[in-house]
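Nothing here was measured: the structure is a model prediction, and the numbers come from that model. Along the sequence shown, the residues carry numbers beginning at 1.
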Amino acid sequence: MMGRVIKDYFAAFRWENFKEKVAHFAYLIVYFFTVLPVVAGFFETWKSALVYVLMMIPIIHILNSGSLHIMKMPKMMYMVPLTNDMKKEYIVKSAVFRICFCSLLGIICTLPLVFIGICRVITYVVIAYDYVTFALLLCGMNERYGIEQRDAWQETKSDCRGLIQGLNIFLTVISLFGIACMLCWDGGMVNVYANLLFIIPAILFQLPLTVKHMKYWNTAVDKALSYERSFDK
């Protein structure tokens, strides 16, 4: 099963899928690799450019993966005679693989910053945590809403889920961007108080929001088990 999961993950990066969302991908590339770094001054020195590029590559990949890898199975797998347990195993393993792969990419890309002395180990731990959180929110629970009629209470719960996810994503992105800025401006965040600026919010806000959002995991998986819900536009 895991072999099929890995094969399907990389198969989703075919040109046909990119072509459907060309405006989305073009915006990500143009904004994150031209507009934002130029305005923020990340390309003024080679060290700041290195910090920015190494930290942004995983973010771009997570954003792309979150768009390309919706929590569902390939259409054909809904048609073949698989039990619900087998379908659920595929969906869960697909989500876990996406989260792990995207998180690992961020961990590997930013590791050189520690070796060259730009990033302290404690800062690197915060960066790794942010990538795991970001991947979890965008690649692990990005199911589509179904076609079933929902009452007012269900609508309210869906709005709360979106609010929790959106706020957590916002805090995570601000944390990563803030760390990138301070690594460039402070020469490596050698001040322990600078690190606390990102450690404390991660513990007090990001972690509780992530735990709260994980309560919807079973709901996301259950929706993905249904062909009608997964492919409803």
Side-chain angles (χ1 to χ4, degrees), residues 9-10 13 24-68 96-140 165-211:
Y9 176 84
F10 290 103
F13 286 103
H24 168 74
F25 298 125
Y27 167 78
L28 291 178
I29 298 299
V30 171
Y31 181 74
F32 282 101
F33 283 109
T34 58
V35 178
L36 183 60
V38 171
V39 172
F42 283 111
F43 289 166
E44 292 181 357
T45 65
W46 73 267
K47 281 190 175 182
S48 60
L50 179 65
V51 169
Y52 181 80
V53 171
L54 290 179
M55 293 188 66
M56 284 300 114
I57 288 176
I59 291 179
I60 296 296
H61 179 74
I62 291 172
L63 290 171
N64 284 339
S65 183
S67 178
L68 289 174
V96 171
F97 177 79
R98 291 196 298 269
I99 295 168
C100 293
F101 183 83
C102 292
S103 302
L104 185 61
L105 179 65
I107 292 171
I108 292 175
C109 282
T110 52
L111 187 58
L113 299 179
V114 178
F115 293 141
I116 62 178
I118 296 178
C119 178
R120 297 183 65 181
V121 174
I122 189 173
T123 309
Y124 177 71
V125 172
V126 178
I127 294 174
Y129 169 77
D130 283 333
Y131 282 131
V132 173
T133 302
F134 201 40
L136 176 66
L137 295 173
L138 285 184
C139 303
Q165 184 181 31
L167 181 59
N168 204 353
I169 290 175
F170 175 76
L171 291 174
T172 303
V173 172
I174 289 297
S175 177
L176 286 169
F177 184 73
I179 290 174
C181 290
M182 296 194 73
L183 286 175
C184 296
W185 298 337
D186 193 37
M189 288 184 68
V190 294
N191 192 323
V192 66
Y193 296 107
N195 287 277
L196 290 177
L197 288 175
F198 301 98
I199 297 173
I200 294 176
I203 296 174
L204 294 183
F205 301 107
Q206 289 172 252
L207 183 59
L209 286 173
T210 302
V211 173

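At least one donor-acceptor pair under 3.5 Å links the side chain of Ser103 to the backbone N or O of Ile99.
Side chains of Phe134 and Cys102 form no contact here, defined as non-hydrogen atoms less than 4.5 Å apart. In this structure, the side chains of Leu113 and Met55 come closer than 4.5 Å at one or more pairs of heavy atoms. Considering only heavy atoms from C-beta on, Phe198 stays 4.5 Å or farther from Thr123 through its side chain. Two residues are said to be in side-chain contact when any heavy atoms from C-beta on lie closer than 4.5 Å; Gln206 and Leu209 fail this criterion. In this structure, the side chains of Leu171 and Ser175 stay at 4.5 Å or more apart for every pair of heavy atoms. Taking 4.5 Å as the limit, some side-chain heavy atom of Ile62 sits within range of a side-chain heavy atom of Tyr131.
Screening residues 105-126 for ring-ring contact (aromatic ring centres under 6.0 Å, His included), with sequence neighbours left out, gives no hits. Judged as a ring-ring contact (aromatic ring centres under 6.0 Å, His included), the pairs with a partner in residues 33-55 (not counting sequence neighbours) are, in order, Phe42-Tyr52, Phe42-Phe177.
Take Ile203 and apply the side chain to side chain contact (heavy atoms under 4.5 Å, CB included) test, not counting sequence neighbours, and it matches Ile199. In this structure, Phe32 has no ring-ring contact (aromatic ring centres under 6.0 Å, His included) partners at least two apart in sequence or on a different chain. For the side chain to side chain donor-acceptor pair (under 3.5 Å) test, residues two or more places apart in sequence or in another chain that qualify with Thr210 are Asn168. Applying the side chain to side chain donor-acceptor pair (under 3.5 Å) test to Thr110 and every residue at least two apart in sequence or in another chain returns nothing.
Here the closest non-hydrogen pair linking Pro201 and Leu196 is CD-O, 3.8 Å. Taking both residues in full, the closest heavy atoms of Leu105 and Pro58 are given as O-CG, 4.0 Å, listed atom of the first, atom of the second, then distance.
Centroid-to-centroid, the aromatic rings of Phe101 and Phe10 come within less than 6.0 Å.
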